[in-house]
Amino acid sequence: MTTYTLTPQEREAAQENFRRRDRADALLQNTGGGVSASRLHAYAQGMLTGDTQNIEAALDKDAALRAAYRTMVRDAALFILPEAMAASSDALPVRETRGCKVSLKPSRAEKTQLYLIVELGDTTKGEPSTLAVCGADNRTHQIALPPSRGGIIQVIVERDSDIVRLLRDPKSEAYLR
Amino acid sequence: MKRIAVHVATTGGPVLIQRITPEYAPQSMMCLGRSSDVLPISGDYDDFVKPGSGVIVREFGPFEEDAFRLDVSGPIGAGRSWQLGVFTAHAIEHTDGFSLCDPEDADIVLWMTGMVNYDLHVRAVDHIAEKVQASRKDFALWQGAGRKVFAVVPKGNNHNELLGAGLPEGVRILAVGAIEDALAALNLTYAPTKTADNGEIPWHRQAGLGLFALVAAAFAVIVFNLLQPEPGAPGPATPVVGAPGALTTEVPLPLPGVAEEDVFAEDGSDDVELSLILSAGEDDEPVFGFGDHLEFTLELNRDAWLNCFYYQADGKVVQLYPNPFVEEIFRFEANIVYEMPSEEFFPFRLRFAPPAGEEAVVCFASEDDLTEDLPEVMRGNSTEPLPPIYAVDIARIFHAVGGEALAVDELVFMVEP
């Protein structure tokens with residue numbers, strides 16, 4: 001018999017993980033689309049490697065699965081940025097929450113591109129590696145983020161990309177995880 | 001408008017710097033082919049730009065934006081050999097009358113590799129031969145299109161490696177010790193817009209970009225020292241005994257030299273300026289121990305006469321070449337790497353002895369034999385130290401008799417126990 005002693009922190013992390021898995025199972029009781037709760041949970045946490053096309057296809061078809069997925073993404077988020085603030089409909093939105101700010105700035109070099117800038121004031125929660133944005137229909141788009149430099153993450157995105165479209169939608173919610 | 005195509009030499013081939021755009025963003029980025037693909041070295045480029053860690057904003061700023069997007073035609077891997085090309089590209093963009101362009105539209109094409117440190121010295125890099133090999137097709141294309149092509153590398157070992165790498169005929173070489181050398185060769189200047197912490201304009205900006213302006217402006221403190229003859233050797237240039245109590249003085253010294261050339265001159269022009277390069281092998285700042293022998297190489301781009309001086313750590317200056325051990329003074333030929341010592345050209349050996357400290361060899365190359373125009377004590381007839389009144393004024397004396405048809409280079413090294 002093998003025994004393993006958990007530290008209090010490990011015990012707490014494991015309990016939280018099981019709680020999330022249980023919650024995911026509950027969320028998926030009436031849906032699933034051929035996607036297991038554990039795979040969707042891993043996908044939501046950005047821990048799933050390999051082929052994810054079947055998950056994305058299932059999310060595209062199944063509204064209930066998307067709702068479950070959004071809940072999982074929200075659970076896994078280090079920062080939740082609920083709504084966009086913009087001075088006008090043409091202006092680029094800024095999202096801000098305690099310890100974090102996400103903004104878009106135009107590129108002078110390429111008019112079709114924008115700088116997506118994540119400013120981290122609080123790094124005690126860890127460093128995000130993915131930005132996911134969920135729209136009102138729970139459709140989610142996400143992009144991988146490079147490591148921060150001096151508390152700033154900067155990537156270039158296309159102005160007409162889904163992630164920008166969703167970030168400009170005041171009804172969408174953004175998650176950094 | 002002078003149009004210059006700047007390429008970063010990589011082992012995967014030359015990478016064109018397509019454009020540099022100031023951006024209202026917190027970080028500078030290096031992007032691939034005007035796309036949103038950001039190169040892995042982008043963070044290093046940001047460090048190179050930022051004030052504090054880098055030199056671009058310090059040298060060319062302040063800017064309203066303080067960040068740049070630099071687009072390149074291909075990937076650049078790890079390392080910092082891109083810095084010489086990137087700095088030069090920023091200087092081009094910052095200078096009126098110059099612009100970056102594609103090689104098809106260029107007056108000249110630059111192929112550059114070298115690291116640039118915080119003091120704007122150009123440092124050696126690896127893989128020179130591989131980079132040349134990977135660029136052969138491009139060299140042929142550029143030359144076939146009638147472009148003037150320059151390979152710009154750090155002076156010293158990289159220069160020697162380039163000479164041995166089989167560079168295509170017709171590709172000119174610029175070997176540079178400091179960023180000023182590269183910019184001076186391109187006639188690039190930029191105004192000093194910022195001051196150092198002490199409120200003074202940094203030396204590398206005061207000095208202007210002409211080599212002779214540098215010579216006139218720069219001063220180095222030389223601590224007097226001792227150079228002893230090798231027992232049994234053909235003899236020392238100057239068997240001098242240092243005076244007790246080191247004497248310190250300020251002696252005008254040239255800053256690191258450059259193979260200067262008017263890069264925009266028409267082919268076949270006689271306007272190519274004389275240049276001289278001294279090298280002590282792989283190390284830019286070599287260290288010698290007591291008992292070691294002084295060895296270095298020198299190379300000229302045009303036939304020239306030579307005068308060399310040894311600045312000892314004890315403050316004395318002795319004439320290294322010519323000296324009484326040299327039976328015949330002759331004109332050195334262009335594009336030959338001369339070794340010191342050598343039986344034919346430098347028939348003497350020098351051995352290092354106490355005290356320790358920084359010492360230097362400074363050589364002046366001239367197209368005319370200046371011997372008769374120099375003071376008697378500087379005609380190589382003695383191994384005694386120069387009288388201080390001459391020792392502190394060597395550069396000015398040579399400029400007075402040699403005018404601007406003069407090339408200067410120095411080799412600075414440490415002598416340790």
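So you know, we letter chains A, B, ... as the sequences are listed, proteins then strands, and number each from 1. The structure presented is a predicted model; accordingly, all values stated were derived computationally and were not measured.
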query = For Pro147(A), is it the side chain, the backbone, both or neither that has a heavy atom under 4.5 Å from a heavy atom of chain B?
reply =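 The answer is neither part of Pro147(A).
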
message = Which atoms of Ile152(A) are under 4.5 Å from chain B, going by heavy atoms: the side chain, the backbone, both sets, or neither?
response = both

ask   = Top residue by heavy-atom pair count (under 4.5 Å) with chain B, among Glu110(A), Glu158(A), Lys105(A)?
value =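 So the answer, after comparing Glu110(A), Glu158(A), Lys105(A), is Glu110(A).
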
query = Which of the residues Glu119(A), Gln154(A), Gln113(A) is involved in the greatest number of heavy-atom pairs with chain B at under 4.5 angstrom?
reply = Gln154(A)

message = Under 4.5 Å from any heavy atom of chain A, what part of Ser36(B) do you find: side chain, backbone, both or neither?
response =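 It is both, since atoms from each part get that close.
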
note = Okay, Asp37(B) and chain A: the region with an atom under 4.5 Å from a heavy atom over there is neither

key: Step-by-step salt bridge (charged side-chain N to carboxylate O under 4.0 Å, His left out) determination, Arg3(B) to Asp102(B)   = CA-CA 9 Å; Arg3(B) 295 159 302 176; Asp102(B) 292 339; over 6 Å; no

query = Is Arg80(B) atom CZ crowded by more than 12 heavy atoms from other residues, nucleotides or ligands, each under 6.0 Å away?
reply =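 No, the 6.0 Å shell around CZ holds no more than 12 heavy atoms from other groups.
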
inquiry  = Quick test of your reading of the model: are Arg19(B) and Asp71(B) salt-bridged, counting only N-O distances below 4.0 Å?
reply    = yes

inquiry  = If you compare all heavy atoms of Pro106(A) against all heavy atoms of Leu114(A), which two are closest, and at what distance to 0.1 Å?
reply    =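 Where Pro106(A) meets Leu114(A) most closely, the heavy atoms are CA-CD2, 3.7 Å.
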
ask   = With distance as the sole criterion, is a donor-acceptor pair present between the side chains of Tyr43(A) and Glu56(A) under 3.5 Å?
value =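 There is such a pair (donor and acceptor under 3.5 Å, judged by atom type) between the side chains of Tyr43(A) and Glu56(A).
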
